Amino acid sequence: MAGLAPIFLIAAVIVVVFLFLYYVPILLWFSALVSGVRISLIQLVLMRIRKVPPGVIVRALIEASKAGLSEIKRDELEAHYLAGGHVESVVHALVSAAKANIDLNFQMATAIDLAGRDVFEAVQMSVNPKVIDTPPVAAVAKDGIQLIAKARVTVRANIKQLVGGAGEETVLARVGEGIVSSIGSSISHKAVLENPDSISKVVLEKGLDAGTAFEILSIDIADIDIGKNIGAGLQIDQADADKNIAQAKAEERRAMAVALEQEMKAKAQEARAKVIEAEADVPKALAEAFRNGNLGVMDYLKYKNIEADTAMRDSIAKPGSKPPKKD
């Protein structure tokens, strides 16, 4: 056991030294000192206690000091870190903006960062514009020909509109709407194919970047393809619809004619029934006349001869029928 005491002592010393260097980062303080950043060891220890990584704050202060950004304070960086911000990204953005002569202060940079946007990427986009390819946009000219256009939108970040400004989706939607409006107002699709830059001019004049986080620099039509003949298709559909309507009306009239024919046949049958009923009353009337003495035998024979002559004339008028025999 006596031989293990020095080992435990050395281990305890190592642990104590490690804890001391962890809570009192002397090397980090010395690095800040030689870089011209004044910060005390007590402040570094307090950062550990507040669960703020001193390395992040010190490196950010050194970078800002070397870039000449003396307005950045330690307390502001700590507050931004505790608020959930990205200290290194903010400092990188401020240094890049200062080198590019972009008006960006610490308050605006931290606000953009806390809003969920990458402030360093926004500064880079402000220096180097970004090209956005729009999806194919289909529109129809006044002559009924469909055109499918693809555009390339060159934008750069608008630093002042990054907080609360609309994103790329809004810009693409507005550009697509402008392309549809421009092609739709063209008299002929040939005019659009001859001068595709007219679409860009019309779209740019609309001020599509208002209220967005970007500034549109240019809109270039990359490709235009001819689609379907929408006008002819609509006319064909309308003709088919008119034909179907006409057929339906003709079928309705035919059905009404058939119904009327059946009704006429029914009326004819009814009239024949009445005639047969009336003819059945003739013998009764003759018998009644005989009984009352109003009709004699000679009169009856004359009536029968007249009836036979009428039947004969009818048979002669109808070829192929035999004349009835006289009684």
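Here the structure is a predicted model, which means the values were calculated and not measured. These values consider heavy atoms only, across backbone and side chains, with no hydrogens, waters or symmetry-generated copies.
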side-chain contact (heavy atoms from CB on, under 4.5 Å) evaluation trace for Lys142 with His189
CA-CA 8 Å; Lys142 290 185 178 180; His189 72 285; over 6 Å; no
Min side-chain heavy-atom separation [X]-[Y] under 4.5 Å:
X	Y	value
Ile183	Val180	no
Met125	Phe214	yes
Arg152	Ile132	no
Pro129	Val155	no
Ile199	Ile219	no
Thr154	Ile216	no

What are the two closest non-hydrogen atoms of [X] and [Y], and how far apart are they?
X	Y	value
Ala109	Val90	CB-CG1, 3.9 Å
Ala141	Ser188	CB-C, 4.1 Å
Gly176	Val137	O-CG1, 3.8 Å
Pro136	Lys150	CG-CE, 3.6 Å
Val123	Ser96	CG1-CB, 3.8 Å
Leu61	Ile72	CD2-O, 4.2 Å

Between [X] and [Y], is there shared hydrophobic-cluster membership here, with clusters defined by ILVMFWY side-chain heavy atoms closer than 4.5 Å?
X	Y	result
Leu114	Leu77	no
Leu82	Val58	yes
Ile224	Val153	yes

By side chain to side chain contact (heavy atoms under 4.5 Å, CB included) - contacts of Thr170 (at least two apart):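 Residues passing side chain to side chain contact (heavy atoms under 4.5 Å, CB included) with Thr170: Ala166, Arg174, Thr212.
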Would you call [X]-[Y] a salt bridge at under 4.0 Å N-O?
X	Y	result
Glu78	Arg74	yes
Glu251	Arg254	yes
Glu194	Lys190	no

Within a radius of less than 6.0 Å around [atom1] of [X], do more than 12 heavy atoms belonging to other residues, nucleotides or ligands occur?
X	atom1	answer
Glu121	CD	no
Glu277	CD	no
Leu260	CG	yes
Glu177	CD	no
Met256	CE	no
Asp133	CG	yes

Given 3.5 Å as the limit, does a donor-acceptor pair link the side chain of [X] with the main chain of [Y], or not?
X	Y	result
Gln146	Lys228	yes
Asp225	Ile148	no
Thr134	Ala151	yes
Thr110	Phe106	yes
Ser185	Ser181	yes

**OP:** Start with the C-alpha distance between Arg59 and Glu63, add both sets of side-chain angles, then the distance that settles salt bridge (charged side-chain N to carboxylate O under 4.0 Å, His left out), and finish with yes or no.
**Re:** CA-CA 6 Å; Arg59 284 193 296 269; Glu63 182 180 356; over 6 Å; no
Notebook entry, point to check: Please, which pairs that meet ring-ring contact (aromatic ring centres under 6.0 Å, His included) have at least one residue in residues 110-137, sequence neighbours excluded?
Noted result: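 Listed once each, the pairs are His92-Phe120.
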* **From Glu76 atom CD to Glu71 atom CD, the distance as rounded to the nearest 0.5 Å** =>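 Taking CD in Glu76 and CD in Glu71, the distance rounds to 9.0 Å.
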- request: Decide yes or no on side-chain contact (heavy atoms from CB on, under 4.5 Å) for Asn244 and Gln247, but give the supporting numbers first.
  value: CA-CA 5 Å; Asn244 293 332; Gln247 288 178 349; 4.0 Å; yes
